[in-house]
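Quick notes on the structure that follows.
Heavy atoms only: backbone and side chains are in, while hydrogens, waters and symmetry mates are out. Position 1 is the first residue of the sequence, and the numbers go up from there. Not measured: the values here are computed from a predicted model.
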Amino acid sequence: MVAQNPTTVVFDVGNVLLRWDPRNLYRQIFADEAEMEWFLSDVCTPHWNIEQDRGRDWDEAVALLTKDFPAYESPIRAFHQRWEETVSGTIEVNVELLGRLRGAGIPNYCITNFSGPKFQISQARYPFLAGFDGIIVSGDEQLLKPEPEIYNLLLSRYGLEAGDCVFVDDSKANVEGARAVGMHAIHFVEPMDLAAELRGYGIKA
């Protein structure tokens, strides 16, 4: 049975704590907005990118696309080589909230669909990402949200009860995946007041 008052907050990273959008990079590469949108829907697609989040090697991923789209080799390689430019910064209000949660001693964890090597880069650039009580990175585990296995891995690895956790993600599908394993969950969409949402669960910081 789901507990009434969860005690632990589990965060996603992209578009909850960090602002991520490949357009941050590709607006610097393509002068034509329509060509950029075509490239991101037909070449470096979300389906292609999610496989790096599942653990596929970046060099392999780039080679697969450059074989099929040789004229776009340079912008394809940019997704890997200039990946940091896809992140425009932090969602500061949520990062500040995370800091307050930590200061209040509230357990905080992370489940993120993220390439393992790119997450290491992000931890170096944004040190708060290294401060969780536990982290599940999809690329390191070869699991993806919203598969139930990735949520259950967090619970088993860190000795957590699903009903004690409230999960925050910008993807509705990932939120539903968390609820399916018994977690509370919040679908974060700006300009939501996440602190107020957590207070509704009895978590104050």
Side-chain angles (χ1 to χ4, degrees), residues 6-25 46 49-50 52-54 83-104 106-116 118-141 143-148 150-155 158 160 162 164-205:
T7 57
T8 299
V9 185
V10 183
F11 285 87
D12 175 36
V13 174
N15 296 320
V16 173
L17 297 171
L18 296 183
R19 297 188 187 280
W20 181 83
D21 188 335
R23 291 167 184 80
N24 295 326
L25 166 63
N49 183 54
I50 199 71
Q52 285 74 267
D53 288 353
R54 196 193 296 273
W83 181 89
E84 288 180 71
E85 295 174 63
T86 65
V87 179
S88 63
T90 64
I91 298 178
E92 194 59 41
V93 65
N94 287 354
V95 174
E96 291 173 358
L97 171 61
L98 175 59
R100 295 198 303 274
L101 293 170
R102 289 172 175 171
I106 294 169
N108 56 97
Y109 292 82
C110 172
I111 304 176
T112 183
N113 282 355
F114 222 113
S115 155
K118 302 309 186 193
F119 192 73
Q120 291 180 12
I121 290 170
S122 298
Q123 283 183 310
R125 185 177 178 187
Y126 301 102
F128 70 85
L129 291 175
F132 291 103
D133 295 311
I135 303 173
I136 301 293
V137 178
S138 65
D140 293 335
E141 309 296 344
L143 297 170
L144 287 171
K145 295 176 294 184
E147 298 166 359
I150 196 166
Y151 306 97
N152 287 326
L153 179 60
L154 176 88
L155 301 175
Y158 298 108
L160 304 174
D164 291 334
C165 299
V166 56
F167 176 66
V168 183
D169 200 295
D170 69 307
S171 162
K172 185 176 180 180
N174 294 345
V175 164
E176 291 173 349
R179 288 175 178 155
V181 302
M183 292 181 172
H184 303 271
I186 296 169
H187 182 202
F188 176 78
V189 179
E190 290 190 280
M192 175 186 286
D193 183 342
L194 183 56
E197 293 291 323
L198 289 176
R199 285 195 296 271
Y201 285 98
I203 295 174
K204 300 177 182 179

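Atom CD1 of Ile106 and atom CG of Asp133 lie 11.0 Å apart (nearest 0.5 Å). The CG atom of Leu194 sits 8.5 Å away from atom CG of Leu17, with the distance rounded to the nearest 0.5 Å. From Asn152, atom CG reaches atom CG of Leu160 across 11.5 Å, with rounding to the nearest 0.5 Å. Between the CG atom of Asp170 and the NE2 atom of His187 there is a distance of 6.5 Å, given to the nearest 0.5 Å. Between the CG atom of Leu101 and the CZ atom of Phe11 there is a distance of 5.0 Å, given to the nearest 0.5 Å. With rounding to the nearest 0.5 angstrom, the CD1 atom of Ile136 is 7.0 Å from the CD1 atom of Ile111.
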Residue pair Leu97, Leu198: steps toward the side-chain contact (heavy atoms from CB on, under 4.5 Å) verdict: CA-CA 10 Å; Leu97 171 61; Leu198 289 176; 3.9 Å; yes

CA sep, side-chain torsions, deciding dist, call: Leu154, Met183, side-chain contact (heavy atoms from CB on, under 4.5 Å): CA-CA 11 Å; Leu154 176 88; Met183 292 181 172; 4.0 Å; yes

CA sep, side-chain torsions, deciding dist, call: Tyr126, Val95, side-chain contact (heavy atoms from CB on, under 4.5 Å): CA-CA 10 Å; Tyr126 301 102; Val95 174; over 6 Å; no

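Side-chain contact between Gln123 and Ile135: present, with at least one pair of heavy atoms (C-beta onward) separated by less than 4.5 Å. Looking only at side-chain heavy atoms (C-beta outward), Thr90 and Phe128 come within less than 4.5 Å of each other. Here the side chains of Pro6 and Asp164 are not in contact, with every heavy-atom distance at 4.5 Å or above. The closest side-chain heavy-atom distance from Arg125 to Leu18 is not below 4.5 Å.
In terms of the salt bridge (Lys or Arg N to Asp or Glu O under 4.0 Å) criterion, Glu197 has no residue partners (sequence neighbours excluded). When the salt bridge (Lys or Arg N to Asp or Glu O under 4.0 Å) test is applied to Glu147, the partners found at least two apart in sequence or on another chain are Arg54. Partners of Asp21 according to the salt bridge (Lys or Arg N to Asp or Glu O under 4.0 Å) rule, which considers only residues two or more places apart in sequence or in another chain, are Arg23. By the ring pair (Phe, Tyr, Trp, His ring centres under 6.0 Å) test, Phe132 is found to be paired with no residue, residues two or more places apart in sequence or in another chain being considered. Partners of Phe188 according to the ring pair (Phe, Tyr, Trp, His ring centres under 6.0 Å) rule, which considers only residues two or more places apart in sequence or in another chain, do not exist here. Partners of Asn108 by side-chain hydrogen bond (donor to acceptor under 3.5 Å, both in side chains), not counting sequence neighbours, listed by chain and number: Arg102. Applying the ring pair (Phe, Tyr, Trp, His ring centres under 6.0 Å) rule to Phe114 yields the partners Trp83, Phe119; only residues at least two apart in sequence or on another chain are considered. Qualifying salt bridge (Lys or Arg N to Asp or Glu O under 4.0 Å) partners for Asp12, counting only residues two or more places apart in sequence or in other chains: Lys145. Evaluation of the side-chain hydrogen bond (donor to acceptor under 3.5 Å, both in side chains) rule for Thr7 yields no partner, not counting sequence neighbours. Glu85 meets the side-chain hydrogen bond (donor to acceptor under 3.5 Å, both in side chains) test with Gln28, Arg82; sequence neighbours excluded. Evaluation of the side-chain hydrogen bond (donor to acceptor under 3.5 Å, both in side chains) rule for Thr8 yields no partner, not counting sequence neighbours.
Counting all heavy atoms, side chain and backbone alike, Leu143 lies closest to Ser138 at O-CB, 2.7 Å. The minimum heavy-atom distance between Gly116 and Asp140, with the atom names listed, is CA-OD1, 3.4 Å. When all heavy atoms of Ala185 and Val175 are compared, the pair lying nearest together is CB-CG1, 3.5 Å.
For residues 171-187, the set of pairs meeting the salt bridge (charged side-chain N to carboxylate O under 4.0 Å, His left out) definition, not counting sequence neighbours, is empty.
The backbone N or O of Ala195 lies less than 3.5 Å from no partner atom in the side chain of Arg100, so there is not a single donor-acceptor pair.
Using the six-membered ring where Trp is involved, Phe167 and Tyr151 have ring planes that are perpendicular, over 60° apart on the 30 and 60° scheme.
Among the candidates Val87, Val137, Leu129, the single residue satisfying the side-chain contact (heavy atoms from CB on, under 4.5 Å) test with Val13 is Leu129.
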